[in-house]
Novice: 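Got a structure here, written out as structure tokens. Questions coming.
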Amino acid sequence: MWQVYLSGEIHTDWRDQIISGADQRGLPVTFSSAVTDHEASDAAGDSLGKEASPFWRDHKSAKVNAIRTKTLIEQCDLAIIRFGDKYKQWNAAFDAGYCAALGTPYITLHDADIVHPLKEVDGSAMAWAQTPEQVVELLGYLTLQQ
């Protein structure tokens, strides 16, 4: 069973498409991800006490969220890192760098029009996909039973 970490933008259903495609094909894959609910993610550190400054609230929640992200990336066999076109996904770039530092293979998922700004991220990726369907095809190949 392959452990696949899904990183990146949260404003489209790309995760659902990959999970559904893998399920339909019966691939031996389990998926994990960062918390994709904005409010829940932003409030991750709230149980540790109220902050007067939005900066410190974000700082505290980022550290709590990093516990999950760091652990799941360290445990995965492969990461899929999605870059969308609407927002700068600094977290996704950070996840890609962490994967590269750990030696964890990752596949980037993004449109052709952002190839240039992602050249370093793609340079360490094992593959670049443009659609969730391509990712499912790659997962099918990678998990091929012989």
Side-chain angles (χ1 to χ4, degrees), residues 1-46 53-146:
M1 186 66 69
W2 283 59
Q3 303 292 323
V4 177
Y5 184 76
L6 302 173
S7 170
E9 69 97 1
I10 64 169
H11 303 286
T12 63
D13 68 346
W14 68 273
R15 285 179 178 82
D16 294 334
Q17 291 179 48
I18 291 171
I19 293 167
S20 175
D23 286 347
Q24 288 173 7
R25 292 183 59 167
L27 301 180
V29 177
T30 59
F31 296 96
S32 60
S33 179
V35 173
T36 59
D37 177 285
H38 253 159
E39 288 300 317
S41 177
D42 289 350
D46 287 358
S53 163
F55 172 84
W56 289 113
R57 181 180 188 237
D58 284 347
H59 183 78
K60 188 187 304 181
S61 291
K63 288 185 172 225
V64 171
N65 283 321
I67 294 168
R68 177 185 176 92
T69 302
K70 181 178 184 296
T71 300
L72 293 173
I73 288 175
E74 289 172 356
Q75 294 173 350
C76 78
D77 299 303
L78 171 70
I80 310 299
I81 304 179
R82 166 76 178 149
F83 292 89
D85 59 351
K86 291 187 180 182
Y87 303 97
K88 308 256 189 285
Q89 287 94 47
W90 308 119
N91 59 323
F94 188 88
D95 289 354
Y98 192 50
C99 286
L102 291 173
T104 300
Y106 68 90
I107 297 168
T108 54
L109 173 59
H110 62 81
D111 293 335
D113 62 346
I114 56 175
V115 166
H116 180 72
L118 292 174
K119 63 186 171 292
E120 288 84 6
V121 173
D122 285 339
S124 291
M126 298 292 110
W128 162 46
Q130 295 182 65
T131 67
E133 295 79 17
Q134 288 176 327
V135 171
V136 173
E137 288 297 317
L138 289 172
L139 291 173
Y141 175 76
L142 295 172
T143 62
L144 189 64
Q145 305 287 321
Q146 301 241 4

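No experiment lies behind these values; they were computed from the predicted model shown.
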Novice: What I'd like to find out is whether the side chain of Gln17 reaches to under 4.5 Å of the side chain of Val135, using heavy atoms alone.
Specialist: no
Novice: A quick test of your reading: do over 12 heavy atoms of other residues, nucleotides or ligands sit less than 6.0 Å from OH of Tyr141?
Specialist: no
Novice: Below 4.5 Å, heavy atoms only, C-beta onward: do Met1 and Thr143 meet side chain to side chain?
Specialist: no
Novice: Whether the side chain of Ser41 engages the backbone of Val35 through a donor-acceptor N/O pair (distance < 3.5 Å, no angle test) should be reported.
Specialist: no
Novice: Would you indicate whether the side-chain heavy atoms of Asp42 and Ser61 approach each other to under 4.5 Å?
Specialist: no
Novice: Is there a side chain to side chain contact (heavy atoms under 4.5 Å, CB included) between Trp14 and Leu109 once you walk through the steps?
Specialist: CA-CA 9 Å; Trp14 68 273; Leu109 173 59; 3.7 Å; yes
Novice: State, without any angle test, whether Ser20 and Gln24 hold a side-chain donor-acceptor pair at a distance under 3.5 Å.
Specialist: yes
Novice: Do the side chain of Asp13 and the main chain of Asp16 share a donor and acceptor less than 3.5 angstrom apart?
Specialist: no
Novice: Does some side-chain heavy atom of Val29 sit less than 4.5 Å from a side-chain heavy atom of Leu78?
Specialist: no
Novice: Within the distance-only criterion (no hydrogens, no angle test), does the side chain of Arg57 pair as donor or acceptor with the backbone N or O of Gly45 below 3.5 angstrom?
Specialist: no
Novice: Check whether any side-chain heavy atom of Asp95 lies under 4.5 Å from a side-chain heavy atom of Tyr5, and answer yes or no.
Specialist: yes
Novice: Less than 4.5 Å apart, any side-chain heavy atom of Ile80 and any of Val4?
Specialist: yes
Novice: Please confirm whether the backbone N or O of Ile10 pairs with a side-chain atom of Arg82, one donor and one acceptor, at under 3.5 Å?
Specialist: no
Novice: Do Trp128 and Leu118 touch side chain to side chain, with heavy atoms closer than 4.5 Å?
Specialist: no
Novice: Taking Gln89 for its side chain and Gly84 for its backbone only, find out whether a donor-acceptor pair lies under 3.5 Å.
Specialist: yes
Novice: Hydrogens and angles aside, do Arg15 and Thr36 bring a side-chain donor and acceptor to less than 3.5 Å of each other?
Specialist: no
Novice: Over 60° means perpendicular and under 30° means parallel, so classify the ring planes of Phe94 and Tyr98, tilted if in between.
Specialist: parallel
